[in-house]
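Every number for a ligand or one of its atoms is a count from 1 in the order of the listing.
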Amino acid sequence: MNKESIDVCFKGQGLDLPIFFYEQTDSTNLRAWQETEKQSDGFEGDCLYVADAQNAGRGRRGRSWESPAGKNLYFSLVLKPALPTECLSMVTLVMALSIAQAIEQLTGKCAGIKWPNDIVLEKRKVCGILTQLKLSGTKTDFLVIGVGINVKSQQFSEELADIAGALEELCGKAVEREQLLAQMLKQFYENYRLFAEAGDFSPLKQAYEELLIGKDGPVRVLDPQGEYEGISRGITATGELLVERGCGEIEQVFAGEVSVRGLYGYV
Ligand code: BTN
C-alpha cells in the first residue's frame with residue numbers, strides 16, 4: 001500500500017479529501033492531532049492520515065495497538081464538525097456501523113458490533129476505534145477518529161491470541177486494504193450525512209442494532225461505581241447502551257467497559 005495505490009482506489013468515488021501517507025509513523029492519531037494543531041491556514045475540510053506501520057499505535061484505555069507493516073489498515077480521519085459537543089460521541093458509532101457495512105459489502109460476511117465500537121467476526125475482534133476530541137472551552141476544534149483493522153493473516157501477541165482475528169482469514173477472501181479504506185469512507189460519509197441532518201443517531205439506530213452482538217442476551221457492565229449484570233436491550237437514539245437489570249429497571253450506559261457473554265473470555 002502506498003499513496004498512489006490509495007489515490008487509484010479513491011478516484012471517482014467522491015472522496016476528495018487530502019491524504020497523508022506514512023510508510024511508518026508513531027501513531028496516525030498523534031500525527032493527525034499534531035498536524036491539525038499546526039494548520040495555520042484555517043483549512044476547514046476533513047483530512048485523512050494513513051500508515052502502513054505504527055511504532056506507537058494507541059488503543060483505548062491507554063492500551064497499545066499492535067501495528068506491524070504490510071498487514072493491516074491504520075488510519076485517522078480528522079473532522080471539524082459543526083455539531084454540538086453532546087453529539088460527538090455518536091460519531092464513533094457512525095464509524096463502527098460504516099466499517100461493519102463496508103466489510104459486508106466487500107466480503108459478503110456479516111460483521112457484528114460489540115458496543116460501542118469493536119468490530120467482531122467469528123467472535124474475534126478485527127477492528128478497534130479510538131476517537132479523540134480537541135475542545136476549546138465548549139467549542140470543538142476537531143475530532144480525530146482513529147481506526148485499526150486487522151486485514152492479513154498474522155501472528156498476534158500472546159495477550160491477543162484468543163481475542164484478535166484478521167479479516168482475510170475469517171472471511172476466507174482476499175481483501176485489498178486500499179479498497180476497504182475507500183469503501184468504509186464512502187459508507188461513513190453517507191451515514192454521517194443522515195446522522196448530521198437528524199442531529200442524532202436515530203436514522204442509523206436500527207441498522208446498528210441489527211449488528212449489535214449480544215442484543216437481548218446477558219452482559220456485564222464494568223461500572224466504576226460497581227460491576228453489574230443485565231440483559232442488553234439495544235441502544236438509545238443517542239447511542240447509549242440499554243441494559244435491563246434483574247429488578248426490571250433499565251440503565252443507560254454512556255461509557256465504560258461492557259462484556260458480552262460468549263465474547264473475549266466472558267463465559
Ligand atoms: C481500540 O483499542 O480498540 C482502539 C484501537 C485504535 C487503533 C487505531 S490504529 C490507527 C489509529 N492510530 C492509533 O494510534 N490508534 C488508532
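- Gln252 and Thr236 are not linked by any side-chain donor-acceptor pair at a separation below 3.5 angstrom, with hydrogens and angles left out of the test.
- Close approach of ligand 1 to Thr28 is summarised as follows: ligand atoms under 4.0 Å from at least one heavy atom of the residue are 10 (C), 11 (C), 12 (N).
- Annotation: atom 1 (C) of ligand 1 to nearest protein heavy atom, Arg60 N, 3.5 Å.
- For Phe142 and Trp33, the gap between ring centers is short of 6.0 Å.
- Between atom 9 (S) of ligand 1 and the options Gln54, Arg31, Glu66, the minimum heavy-atom separation is to Gln54.
- Remark: minimum distance from atom 3 (O) of ligand 1 to any protein heavy atom is reached at Lys125 NZ, 2.7 Å.
- If you check the side chains of Glu257 and Ser259, you find no donor sitting under 3.5 Å from an acceptor.
- A donor-acceptor contact closer than 3.5 angstrom links the side chains of Ser98 and Asn191.
- If you look at Val147 next to ligand 1, the close heavy atoms, those under 4.0 Å, all belong to the backbone.
- The shell of residues lying under 4.0 angstrom from ligand 1, judged by heavy atoms, excludes Arg63.
- In terms of protein heavy-atom proximity, atom 5 (C) of ligand 1 is nearest to Trp65 CE3, 3.4 Å.
- Between Asp141 and Lys80 there is no salt bridge, since no side-chain N of the basic residue sits under 4.0 Å from a carboxylate O of the acidic one.
- The pair Glu209-Lys215 fails the salt-bridge criterion, with no side-chain N (NZ, NE, NH1 or NH2) lying under 4.0 Å from an Asp/Glu carboxylate O.
- Cation-pi check for Arg31 over Phe20 is not met; the charged atom does not lie both under 6.0 angstrom from the ring centroid and within 45 degrees of its normal.
- Ligand 1 has no atom lying under 4.0 Å from any heavy atom of Arg61.
- Under a 4.0 Å criterion applied to the non-hydrogen atoms of Gly57, ligand 1 contributes the atoms 14 (O).
- A salt bridge is absent between Glu190 and Lys186; no separation between the charged side-chain nitrogens and carboxylate oxygens falls under 4.0 Å.
- From the protein, the heavy atom lying nearest to atom 15 (N) of ligand 1 is Arg58 O, 2.7 Å.
- For ligand 1 and Ile129, the ligand atoms under 4.0 Å from any heavy atom of the residue are 3 (O), 4 (C).
- Residue Asn117 does not touch ligand 1, judged by heavy-atom distances below 4.0 Å.
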